[in-house]
Amino acid sequence: MGIKLVFLGRIEDVAGAGELTVPFAASIEAVLADLEPELARALREPRVKLAVNGILLRDTDAPVLRHGDEIAFLPPVSGG
Amino acid sequence: MGIKLVFLGRIEDVAGAGELTVPFAASIEAVLADLEPELARALREPRVKLAVNGILLRDTDAPVLRHGDEIAFLPPVSGG
Amino acid sequence: MNAAASDVRLLAAPFDPARELAAFTAAYPEAGGVVSFLGQVRAGDGVEALELRHYEPLTLPAMRALAERVRARWDLDALLVIHRSGVMEPGEPIVLVAAAARHRREAFAAADFAMDHLKSESWFWKREKSAGAWRWIEPREQDFQDIARWE
Amino acid sequence: MNAAASDVRLLAAPFDPARELAAFTAAYPEAGGVVSFLGQVRAGDGVEALELRHYEPLTLPAMRALAERVRARWDLDALLVIHRSGVMEPGEPIVLVAAAARHRREAFAAADFAMDHLKSESWFWKREKSAGAWRWIEPREQDFQDIARWE
């Protein structure tokens, strides 16, 4: 199993899809390094939050990934 | 025609009725002077507002009454 | 300056707040939000009935004047004010205020203001029946505090 | 400390706000007042449709957590939070929040707070369709101001 990426909001437009499964890599940085540069840049924006398996990461978290993990990329939510 | 008195709220209990028609008198003070003392006292309380023919009186108003006028005695309204 | 519609009613018989609110909301689809307040006779306080008395020449005109003030103060699409008079039982609706506005904050403030002023300034005298006896309700200090928030 | 009931729902299909509110109100006859906010897709802005996307593992748990905060902060009899996801047309309801409380002020504050935080903190991404094209909606400065009122 690889790693499932979930793209919310306008990141979905950058990625061209709401979801993408990529080959396994052990860290989020390694996953991003294998993506197209434009998409990787959008995912690294400071205001984009990450969740792994539904758990929101703090800025300092650098989790070790496991096969089948789901990483969600969450841009700022839309306003009122 | 006399003068019609309308009693609202707890003044109704003091008067024993919601309305009372009294003989004509030319001023509010003259109307009150002819009432039972306990009722007159309740009607003269500073927080009781008066309306003549549906028009609220200011504190300084001393209207000349006419036959058939209606005087309403309005204690403070009930709270929320 | 303000083309908002006002619907102000003083009713002597029961009304259906859900139906009134549904009709109001449907009539203003350009409003993004509708804030409503529904007051009902509280059950469980030992109160068997509530009676609201009004004075016809003052009560409805004053409610209409309050609606004008609310419309002048906030940018609303519409305002609804329905108030009961007469005898009501626990669970029965007493008052429904609804404000429809493009912006949520305006709708909240308008409904809140309207209720504070309806409660403390409106020409209603209230009595409650408990253990078979009626008792007039006096003004509450809280109402004066509520009003002071807006000054 | 707080025995208030919360009903928090995330719905993918249309709902009837009047029916929901009537059921909620009827369930809490001991509450003197119910404040509600209904948000609907605005008609007349040239918006043909609105879509709300959510992220299942976060959105509903966060709504429930917000409901807990509201219940802890105000003395309520009950709180109702219903939010749509998916594609909606003008006039369709998006969100219904209702707070039932013994005291009017608590109900107003709780509904107002819940809406401010739902709008700015909830995990919803919104896009609008105008002239046949979809466009994502960015965060609004107003929302941060709304939140700051409570701090």
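Because the structure is a prediction, the values reported are computed rather than measured. Letters A, B, ... mirror the listed sequences (proteins, then strands); counts begin at 1.
Proximity of A:Arg10 to D:Glu138: side-chain heavy atoms (C-beta onward) are separated by under 4.5 Å at one or more points.
Put simply, NZ on A:Lys49 and CH2 on D:Trp123 are 5.5 Å apart, with the number rounded to the nearest 0.5 Å. Atoms OG1 and CG, from D:Thr59 and A:Leu8 in turn, are 7.5 Å apart once rounded to the nearest 0.5 Å.
When the shell of 6.0 Å around CD of A:Glu29 is examined, it contains more than 12 heavy atoms from other residues, nucleotides or ligands. By the 6.0 Å contact criterion, CZ on D:Arg9 is enclosed, its count of non-hydrogen atoms from other residues, nucleotides or ligands being greater than 12. Environment of CZ in D:Arg19: sparse, with no more than 12 heavy atoms of neighbouring residues, nucleotides or ligands closer than 6.0 Å. More than 12 heavy atoms of other residues, nucleotides or ligands shown are found within 6.0 angstrom of CD on D:Glu68.
Taking every heavy atom of both residues into account, D:Pro57 and A:Gly54 meet most closely at CB-CA, 3.6 Å. Across all their heavy atoms, A:Val77 and D:Phe124 have their closest contact at CB-O, 3.4 Å.
Note: A:Asp13 leads A:Leu56, A:Ile55, A:Val6, A:Asp13 in heavy-atom pairs under 4.5 Å with chain D.
Proximity to chain A (any heavy atom under 4.5 Å) is shown, for D:Trp125, by both the backbone and the side chain.
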